[in-house]
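These notes are about the structure you will find just below.
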Amino acid sequence: MKPASFTATFTILCIIFTLVDYDVVSCLRFSDVPDTSHRTAMVLPLFPPKDTSVRSSPSQLSGRLLQKSPVNAQMALHDDLLINGYYTTRLWIGTPPQRFALIVDTGSTVTYVPCSTCEQCGKHQDPRFQPEMSSTYQPVKCNIDCTCDNEREQCIYERQYAEMSSSSGVLGQDIVSFGNQSELAPQRAVFGCENRETGDLYSQHADGIMGLGRGDLSIVDQLVEKHVISDSFSLCYGGMDFGGGAMVLGGIKPPADMVFTNSDPGRSPYYNIELKEIHVAGKALSLNPRVFDGNHGTVLDSGTTYAYLPEAAFAAFKSAVMKAVLSLKLIEGPDPNYKDICFSGAGSDISRLSKSFPPVDMVFSNGKKLSLSPENYLFRHSKVRGAYCLGIFQNGKDATTLLGGIIVRNTLVTYDRQHEMVGFWKTNCSDLWDRLNLSPPPPLPSSLDNTNSTGSMYPTLVPTGSPGYNASGEIKVGFITFYMSLSVNYLDLKPHMTELTHLIAQELDINFSQVHLMNFSTKGNDSLIKWAIYPAGSANYMTNAAAVEIIHRLAENHVHLPHTFGSYKLFEWGIEPPPKRAGWLRSYLIVVIALSVVLILGLSAFLGWLIWRRGKESPLPYERVESVETVVREQELQPL
């Protein structure tokens, strides 16, 4: 939903909880439903979260000195900011490892996953964590520094949010792994094992939350306390129409042109920055600089999708943008229930959006500025091609400026907690590792099922048939196949096959003509369809980049269908080489030519034979008329 106007009571409660040293985990909360019409800004907790962490003294907190050379964990981000409402990364917990897709959230300070003993947990991407299957799992025993269960045997945690979602469970400790190619070795860490979840936490596709905020239960704080990483981490979100991204736990060498601003941990429990001005089309908005310093100030929250400005700032920003796009047509938003500000006529090529929409600059207190391209404040209109809507909204009556993930698309954001700074570097997050001269994270998994595996989860891109290679050594991908099972019978599904094909093309961001139905089978009220994705146009094969993008969307469950298609599942994608059309064509031509030669030779021989036969026939003898008459007469005398 659009951010509601929060009452002063909630604001006062949040401030009081912070002052009395409650672990206010995520006063900022994300909207994790894929529908872009559901947007949540700042949400204050209904109740003070019960602190279950072991608190460190100020001297301990200030003495975080690395005892050895730090390493970092390079991890891939998955999903899409606007389709899913969040980005996820993969963590493996336990021995043997159990895999989980967790939302990266800088506004949360606890990491939690559904537990096998959960009495009320939704159906998520991966199976629930099974403590009994891990030989290294240990419950966190009840102690004076945590909130205990009723039996006073184990530490528990509880998180409640004003959007009526909640998570609660027990605290456990186990080995946490960060991927096969991470420099950071697996570490023991404390996490939450959910026994109950409600609201959006119950219905979301992701398994749980990876808390990156400030707090003793934060995964970052735990790794820093173990002296295995420096007190820093970085996030890089993919751009418009590109999901995924990258994350680094630990320090990296900042690029020379990275823009830094101060981030005072005493200002609020969140990652705040010192924003002073916003420029649109080169002109500063006529605002008091203190407008961005109200309540919690200007806060970065990776778990929030869009950006939300105080009332005065939003009005000025909206007016300046509308004055700069007079050549475009103002249209209604994708959902009539919301008054989105949308424009048509800009075209579908996002690389040309800067010709239609103005540049926006965020100026910090030190005079440095972060330049935003149109993809940093716009999202595509879901119903009108070539139309876009503002992704910046008014934050109700709340004075906090909340900057969600849309602001930092294709931007490397470094949270340098040790030096109390946040850095921004505009880049293409799709090739971040090359730009930073770092080894890439593991490639995408090849299986679409939700089973946990202890083996290798990252095979290379290899076709299921005989591979072919082009001059650059890339695999020639002829087409991609995958299966789809739906809980809809054949008679009900058949009239909607064209609609289903269009939906698949839309979700995979390909042309309708590329999607082909290969076969169809039914079993009871369920249907099983095998689909094929062919290259665009008349190409014989698709590039590896295009194939990987399609597989990424399949593997990360980016295909979302309306409820009318019932429950569905994608599985067993495969890669097939291009059909050997050239060889078949050559063979066909040879056969045609051979048949033609045989036919010509046969006709020539037949004509020659006819001519030869006529030449061999005896000519009629010359006879006198009398002789002929005699013959005729004799014939007439012969008996019948």
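Below, each value reflects all heavy atoms present in this structure, side chains not excepted, and no hydrogens, waters or symmetry copies.
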Side-chain heavy atoms of Thr414 within contact of Ser232, under 4.5 Å:
yes
OH/Tyr237 to SG/Cys429 distance, rounded to the nearest 0.5 angstrom?
10.0 Å
Heavy atoms of Leu412 and Thr427 approach each other most closely as N-CG2, 4.1 Å
Mind checking the CD1-CD1 spacing from Ile103 to Ile209? Nearest 0.5 Å is all I need.
4.0 Å
With side chains defined as the heavy atoms from C-beta onward, is the minimum distance between Ile407 and Ile392 less than 4.5 Å?
yes
Quick check: closest heavy atoms across Arg380 and Tyr388, and the distance to 0.1 Å?
NH1-OH, 3.2 Å
Could you go step by step and tell me if Leu493 and Phe520 meet the side chain to side chain contact (heavy atoms under 4.5 Å, CB included) rule?
CA-CA 11 Å; Leu493 185 61; Phe520 191 106; 3.8 Å; yes
Evaluation steps, side chain to side chain contact (heavy atoms under 4.5 Å, CB included), between Arg128 and Phe100:
CA-CA 9 Å; Arg128 299 175 183 178; Phe100 299 97; 5.8 Å; no
How about Val488 and His496: do any of their side-chain heavy atoms sit closer than 4.5 Å?
no
Return the CG to OG1 distance between Leu235 and Thr89, rounded to the nearest 0.5 Å.
9.5 Å
Using 30° and 60° as the class boundaries, would you call the ring planes of Tyr534 and Phe479 parallel, tilted or perpendicular?
parallel
Out of curiosity, Ile504 CD1 to Leu561 CG, how far, rounded to the nearest 0.5 Å?
6.5 Å
Using the side chain to side chain contact (heavy atoms under 4.5 Å, CB included) rule, take Glu576 and Thr481 through it: C-alpha gap first, then chi angles, then the decisive distance, then the call.
CA-CA 8 Å; Glu576 300 291 342; Thr481 62; 4.3 Å; yes
Residue pair Met247, Met210: steps toward the side chain to side chain contact (heavy atoms under 4.5 Å, CB included) verdict:
CA-CA 12 Å; Met247 177 172 72; Met210 182 178 182; 4.0 Å; yes
Any non-hydrogen side-chain atom of Ile529 less than 4.5 Å from a side-chain atom of Met497?
yes
Would you call Val515 and Leu508 a side-chain contact if the rule is heavy atoms closer than 4.5 Å?
no
With no hydrogens and no angle check, is any side-chain donor or acceptor of Glu375 less than 3.5 Å from a backbone partner on Met240?
yes
Taking all non-hydrogen atoms of both residues into account, name the closest pair between Leu91 and Leu102 and its distance.
CD1-CD1, 3.6 Å
Between Ser351 and Asp349: side-chain donor-acceptor atoms closer than 3.5 Å
yes
So how far is it from His124 NE2 to His205 NE2, rounded to the nearest 0.5 Å?
10.0 Å
Find out whether Ile219 and Phe233 are in side-chain contact, i.e. whether some heavy atom of one side chain is under 4.5 Å from a heavy atom of the other.
no
Between Cys389 and Pro334, which heavy-atom pair has the shortest distance, and what is it?
SG-CD, 4.1 Å
Any chance the side chains of Asp526 and Ser487 put a donor and an acceptor closer than 3.5 Å?
no
Which residues share a side-chain contact (heavy atoms from CB on, under 4.5 Å) with Ser521, sequence neighbours left out
Leu528
Residues which pass side-chain contact (heavy atoms from CB on, under 4.5 Å) with Pro255, listed by chain and number, not counting sequence neighbours:
Asp257, Met258, Trp425, Leu436
Given 3.5 Å as the limit, does a donor-acceptor pair link the side chain of Asp207 with the main chain of Val113, or not?
no
When the ring planes of Phe129 and Phe191 are compared, do they come out parallel, tilted or perpendicular, using 30° and 60° as the limits?
perpendicular
Heavy-atom side-chain contact between Asp301 and Thr106 under 4.5 Å
yes
Minimum-distance pair of heavy atoms, taken over all atoms of Gln74 and Val248:
CG-CG2, 4.5 Å
Name the orientation class of the two ring planes belonging to Phe571 and Tyr483 (parallel below 30°, tilted from 30 to 60°, perpendicular beyond 60°).
parallel
With Asn376, which residues qualify under side-chain hydrogen bond (donor to acceptor under 3.5 Å, both in side chains), at least two apart?
Ser373, Lys426
Heavy-atom distance under 4.5 Å between the side chains of Val176 and Gln187, does that happen here?
no
Would a distance-only check, ignoring hydrogens and angles, find a side-chain to backbone donor-acceptor pair under 3.5 Å from His381 to Glu332?
yes
Could you tell me whether the side chain of Asn511 and the main chain of Ser513 form a donor-acceptor pair under 3.5 Å?
no
For Ser302 and Asp105, work out which heavy atoms get closest and say how close.
OG-CA, 3.3 Å
Using atom types as modelled and distance alone, determine if a side-chain donor or acceptor of Ser604 lies under 3.5 Å from a backbone N or O of Gly602.
no
Within this structure, what is the CG-OG1 distance for the pair Asp79 and Thr88, rounded to the nearest 0.5 Å?
3.5 Å
